[in-house]
There are 2 protein chains.
Amino acid sequence: MTAETKTTHHHGNLKEALVRAGIDLLEEDGLDGLTLRKCAARAGVSHAAPAHHFDGLSGLKVAIATEGFRIFSNYLESAAKGIDAPIDRLRAVCRGYLTFGLTHPGLLSVIFGSGLAAQKPDNREGDYAYNILRSVCAPFIPEGQNPQIIEIQVWSLIHGFTLLYLSGEFGCPPPPIEDGPFDQIIALLDRVGTLGA
Amino acid sequence: MTAETKTTHHHGNLKEALVRAGIDLLEEDGLDGLTLRKCAARAGVSHAAPAHHFDGLSGLKVAIATEGFRIFSNYLESAAKGIDAPIDRLRAVCRGYLTFGLTHPGLLSVIFGSGLAAQKPDNREGDYAYNILRSVCAPFIPEGQNPQIIEIQVWSLIHGFTLLYLSGEFGCPPPPIEDGPFDQIIALLDRVGTLGA
DNA sequence: GCATAAACTTGACAGTGTAAAGTCTAACTT
DNA sequence: AAGTTAGACTTTACACTGTCAAGTTTATGC
C-alpha cells in the first residue's frame, strides 16, 4: 500500500513495525515497559510473532539498539553541523551526546546496556556514531600518539557525565541543560584540546 | 545461635539475609538473576516473605544498593590507603573505582541504575563514598572556585570509563586492567591536577 | 496446480511480581 | 498467669512475562 518496501507475506514489514513499537514503548514507559508481548500487540500481531524475526527479547533489543544508533548519530551530526573551530565542534558533539541522553534515556540504556558490543561485533551503526566522535577528536591528537587516547578520554567523560546527570546523582533535575553542570566539564574538555601542547 | 543480633521473631534477621542473598545472586547470574523469589528461596522463606521487609523488588534493590555502597567505599578507601601524594591518591581512587566495577558489575549497575538517588535522597552510604572522591579531589580545586567542578569532572571521567570498559565498547576484554586503556585516561587525570595552575 | 516454505496463530508452560487472606509466634497487658 | 495483640511468615491466587510446540494460513517455486 505505502511507498515503502512491502515484500513479505502477511503484515508487510513486521520487523520494522516491531522495532518502531519497541522504541515507542521505550520512550513512553522506560526500559521496564519494553516487552515482547506489548510490541506484538502494538504492531497488531499475536504475542509469538516476534520470535520469527528476532532471537527473543535480547534479539529485539539488539535491533532496537541498531536503530537507536542511527538516531544517536543524527544528534551528534546535527550538533556539529555548521561549526568550524575544532574545539567548538568537540564541545557541540558532546552537548549533542548529552541532549540525546536526556531526550531518549531509554534508547541510551538499550544502546549501551544490552551487551550489544558482545552480541554484534560488526556493528556498523555503532561504528558510524563512533566515527563522528573520532572525527571531532582528530584535531587534538598529539603527534605520533595513539588516536584512541583522546577518543577514550572524551568518550568516557561525556558518557559518564550523561549517565550520572541522568540518574540524578548531581542533585539537579535534567531539564536545565544550559546552565547546568555541563558547563563544568567544558573546562576539562578544553584541556583535552591542549594535551598535545 | 550465632553471635549476631537475633532479636526478631522467626527467622532471626531475614532482612539482612535477603540482602545478602540478593548480592550473591547478583554476582552469580548478573542483574537478570536477581529475583525476589530466588532471594526468598535462598534465605529459606516463602516467596512472599520479602514483602514484609522491602517495598517490592525496587525496595530490595535500594537495600542492596545501600550495602553495595559500603563495599564500594571499601574499594575506594583501601585503594588510597598509604598513598600520600595527591595526584597518586587521585589515580589510586580512580583505579579502585574501576576495580570495583570489574569485580562487582552487578552491584555497580544496581548502585547507579536503580534510581536510588531519586528514591533515597538521604543516602548516607552514597554520600560516604562520594566524600572519598571529594577528599582526593580537594587538593586540585582552583582557588575560589566551586569544589564541585573538579569532582564532577573526575567522577564523570572514571564512571564513564568504567561502564564503557565493562560493556566491551573499547574492544578489549575486562581481565587485563594493568596494561589496558585505563592508563590512557591517567593523562587526562593528570590534567585535572593542573586545572588551577 | 501442487508441494513447499515462510509468516503468523493458538495453546501451553514455567517463572515473575504482587496482593489478600490465613496461621503461627512472640511480646505485651491487665 | 491468661488473654490479647501485633508482627512474621505462609498459602493461595492472579496478571503478566518469555519461550516452546504444535497448528493454520498465505505466498512462492516448480
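No hydrogens, no waters, no symmetry mates; every other heavy atom, side chains included, goes into these values. Below, chains carry the letters A, B, ... as their sequence lines are ordered, and counting in each starts from 1.
Checking side-chain atoms of A:Asp29 against main-chain N and O of A:Leu25 turns up no donor-acceptor pair under 3.5 Å.
The distance from atom CG of B:Leu14 to atom C1' of C:dT25 is 15 Å, rounded to the nearest whole Å. The NZ-C1' distance, from A:Lys61 to D:dT17, rounds to 12 Å in whole Å. Between the NE2 atom of A:His53 and the P atom of D:dG18 there is a distance of 16 Å, given to the nearest Å.
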Pairs of donor and acceptor atoms involving the side chains of residues 45-57 of chain B, under 3.5 Å and at least two apart or interchain, shall be tabulated with distances.
none

Would you be so kind as to tabulate the donor-acceptor pairs closer than 3.5 Å made by side chains of residues 76-84 of chain B, with sequence neighbours excluded?
{"residue": "B:Glu77", "atom": "OE2", "partner": "B:Tyr128", "partner atom": "OH", "Å": "2.4"}
{"residue": "B:Ser78", "atom": "OG", "partner": "B:Asn74", "partner atom": "O", "Å": "3.0"}
{"residue": "B:Ser78", "atom": "OG", "partner": "B:Tyr75", "partner atom": "O", "Å": "3.4"}

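Aromatic ring centres of A:Tyr97 and A:Phe161: separated by at least 6.0 Å.
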- Task: Go along nucleotides 13-23 of chain C 5' to 3' and tag each nucleotide: B for a protein heavy atom under 4.0 Å from its base, S when only backbone or sugar atoms are that close, - otherwise.
- Result: ---BBBB----

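Put simply, the residue from A:Glu125, A:Lys61, A:Lys120 that forms a side chain to side chain donor-acceptor pair (under 3.5 Å) with A:Thr66 is A:Lys120.
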